*Asks:* 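Mind looking over this structure? Questions follow.
Quantities reported herein were computed from a predicted structural model and do not represent experimental measurements. Heavy-atom basis, side chains included; hydrogens, waters and symmetry copies ignored.
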2 protein chains.
Amino acid sequence: MCRAVTLLLGPYAEVVLHDPATDRVLEVWNPLTARGPGDPSALGDLDRLDPTDRDVYGPYEKLLADGRRLSSVSAVLRDDDGTPSVVLCVNLDRTPLERAAAVLSAFGAPTTPPPEPLFEADWSQRVDHVIGTHVRSTGRSVDRMTRQDRLAVLRALDEARVFAVRRAAPVVAQALRVSRSTVYGLLTELRAKG
Amino acid sequence: MCRAVTLLLGPYAEVVLHDPATDRVLEVWNPLTARGPGDPSALGDLDRLDPTDRDVYGPYEKLLADGRRLSSVSAVLRDDDGTPSVVLCVNLDRTPLERAAAVLSAFGAPTTPPPEPLFEADWSQRVDHVIGTHVRSTGRSVDRMTRQDRLAVLRALDEARVFAVRRAAPVVAQALRVSRSTVYGLLTELRAKG
DNA sequence: GCATGCCCGGACTTTACGTCCAGGCTGGAC
DNA sequence: GTCCAGCCTGGACGTAAAGTCCGGGCATGC
């Protein structure tokens with residue numbers, strides 16, 4: 001069945017089978033990354049998602065290290081007695097589709113194309129996202145962050161113009177488990193350097 | 001030559017030849033609207049555009065009555081003595097392209113797609129865009145706006161959460177050619193109504 | 001035990017937000 | 001024309017955030 005799905009979706013989708021007991025990869029079809037059998041699954045973030053249906057999650061968005069955007073769905077397969085036996089994930093690389101869409105909409109478009117859709121539903125989501133990304137990439141949770149971590153996160157948030165919206169500083173401070181003064185202090189420090 | 005362009009661009013482009021002397025249509029290939037030879041050109045808006053090249057204008061955006069969006073280019077053809085003899089316009093219907101692009105980007109997209117706007121890299125662009133859209137749809141320029149126009153624009157901006165970003169009110173006021181007080185006055189008025 | 005570096009909480013200044021009001025302009029009724 | 005009503009304006013004003021500053025506490029390393 002996994003091979004079938006892989007063939008159906010062409011070269012831009014990978015299918016991964018995880019073992020929830022050991023939290024490791026069982027097998028990968030058409031891998032998009034270097035992952036292979038035996039590698040850790042890093043599936044812990046599934047519980048934070050609401051299932052769209054019983055035992056079915058997604059589609060949700062993932063980011064690869066090289067910037068490719070994936071649409072992913074996951075399904076938990078259970079034994080007869082109800083214990084999870086395997087987790088099936090399908091990851092679809094959206095970049096070729098997006099590139100094609102960009103080509104189409106650029107065709108005959110006015111010289112000043114629609115401004116970058118750098119929108120965000122809710123800027124506080126952006127805060128969480130930036131922090132979450134940093135936590136995952138460094139492996140240090142918010143409480144265990146070093147000063148450098150905080151500087152990096154604040155730099156990202158500042159460049160994302162988060163502090164142009166009202167009431168942002170206290171929210172960021174709370175998210176970073178740090179006082180408002182510290183946020184301003186770190187901000188002036190990194191703004192001074194450039 | 002006009003027939004050639006029409007054939008090249010398929011069923012979604014029309015080619016129109018105008019006579020600048022009489023300001024009337026000379027001939028239309030593959031008409032997208034009901035216009036025909038002898039109809040008024042309504043070409044007066046050309047002078048308001050900056051030529052991208054000598055005697056070549058566009059591409060710029062046009063709106064048809066039924067909502068289709070066109071990309072248009074115009075060229076002024078001159079006699080040997082330099083007097084304009086004909087104006088050539090090519091109008092390309094972008095809706096099929098946009099529909100195709102929408103299909104592509106919807107494929108495998110996260111279920112919660114383009115979350116409503118709140119935050120923008122450059123939110124002032126959004127201000128200009130909202131105002132510009134309103135101006136085009138009503139035909140009244142900013143200076144000739146009625147009170148209702150201003151209320152509508154402010155409602156749109158408020159719902160786009162533009163006023164959640166700092167320093168927004170003065171910028172909006174300036175864009176609407178209105179005092180800061182007026183902005184706040186109109187805002188409280190429409191917020192009171194719900 | 002001491003020094004250093006960082007953070008905290010709170011006091012304080014500055015900036016911007018939002019409200020209010022007296023006066024002036026405009027367009028319509030008469 | 002005059003009058004009136006509605007709207008806008010510019011400025012004053014009070015309040016709420018945005019930022020700044022500092023004394024003290026709590027670690028870590030020596």
*Asks:* Using modelled atom types only, decide if a donor and an acceptor are shared between the side chain of B:D158 and the backbone of B:R155 within a distance under 3.5 Å.
*Replies:* no
*Asks:* If hydrophobic clusters are built by linking Ile, Leu, Val, Met, Phe, Trp and Tyr wherever their side-chain heavy atoms come under 4.5 Å apart, do A:V171 and A:Y184 end up in the same one?
*Replies:*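 Each belongs to a different hydrophobic cluster.
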*Asks:* Using a 4.0 Å heavy-atom cut-off, write out nucleotides 5-13 of chain D from 5' to 3' as B (base contacted by protein), S (sugar-phosphate only) or - (no contact).
*Replies:* --SSBBB--
*Asks:* Would you grab the first and last nucleotide of DNA chain C (5' to 3') that comes under 4.0 Å of any non-hydrogen atom in chain B?
*Replies:*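 The footprint of chain B covers C:dA16 to C:dC20.
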*Asks:* Do A:M145 and A:L190 belong together in a cluster built from hydrophobic side chains that touch within less than 4.5 Å?
*Replies:*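 Yes; A:L190 is reachable from A:M145 via cluster members.
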*Asks:* Working to the nearest 0.5 angstrom, can you tell me the gap between B:T146 OG1 and B:D149 CG?
*Replies:* 4.0 Å
*Asks:* Verify the cluster assignment for A:L7 and A:M1: are they in a single hydrophobic cluster under the rule of side-chain heavy atoms below 4.5 Å apart?
*Replies:* no
*Asks:* Please state how far atom CZ in A:R166 lies from atom C1' in D:dA17, giving the value in whole angstrom units.
*Replies:* 7 Å
*Asks:* Considering every strand and a 4.0 Å limit on heavy-atom distances, what is the contact class for B:A173: base, sugar-phosphate, or nothing?
*Replies:*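 No contact.
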*Asks:* Between the main-chain N or O of A:A13 and the side-chain N or O of A:N30, is there a donor-acceptor pair closer than 3.5 Å?
*Replies:* yes
*Asks:* With A:H18, which of A:L88, A:L26, A:V25 fulfils side chain to side chain contact (heavy atoms under 4.5 Å, CB included)?
*Replies:* A:V25
*Asks:* Between A:W29 and A:L17, does the side chain to side chain contact (heavy atoms under 4.5 Å, CB included) criterion hold? Intermediate values first, please.
*Replies:* CA-CA 9 Å; A:W29 287 262; A:L17 270 191; 4.0 Å; yes
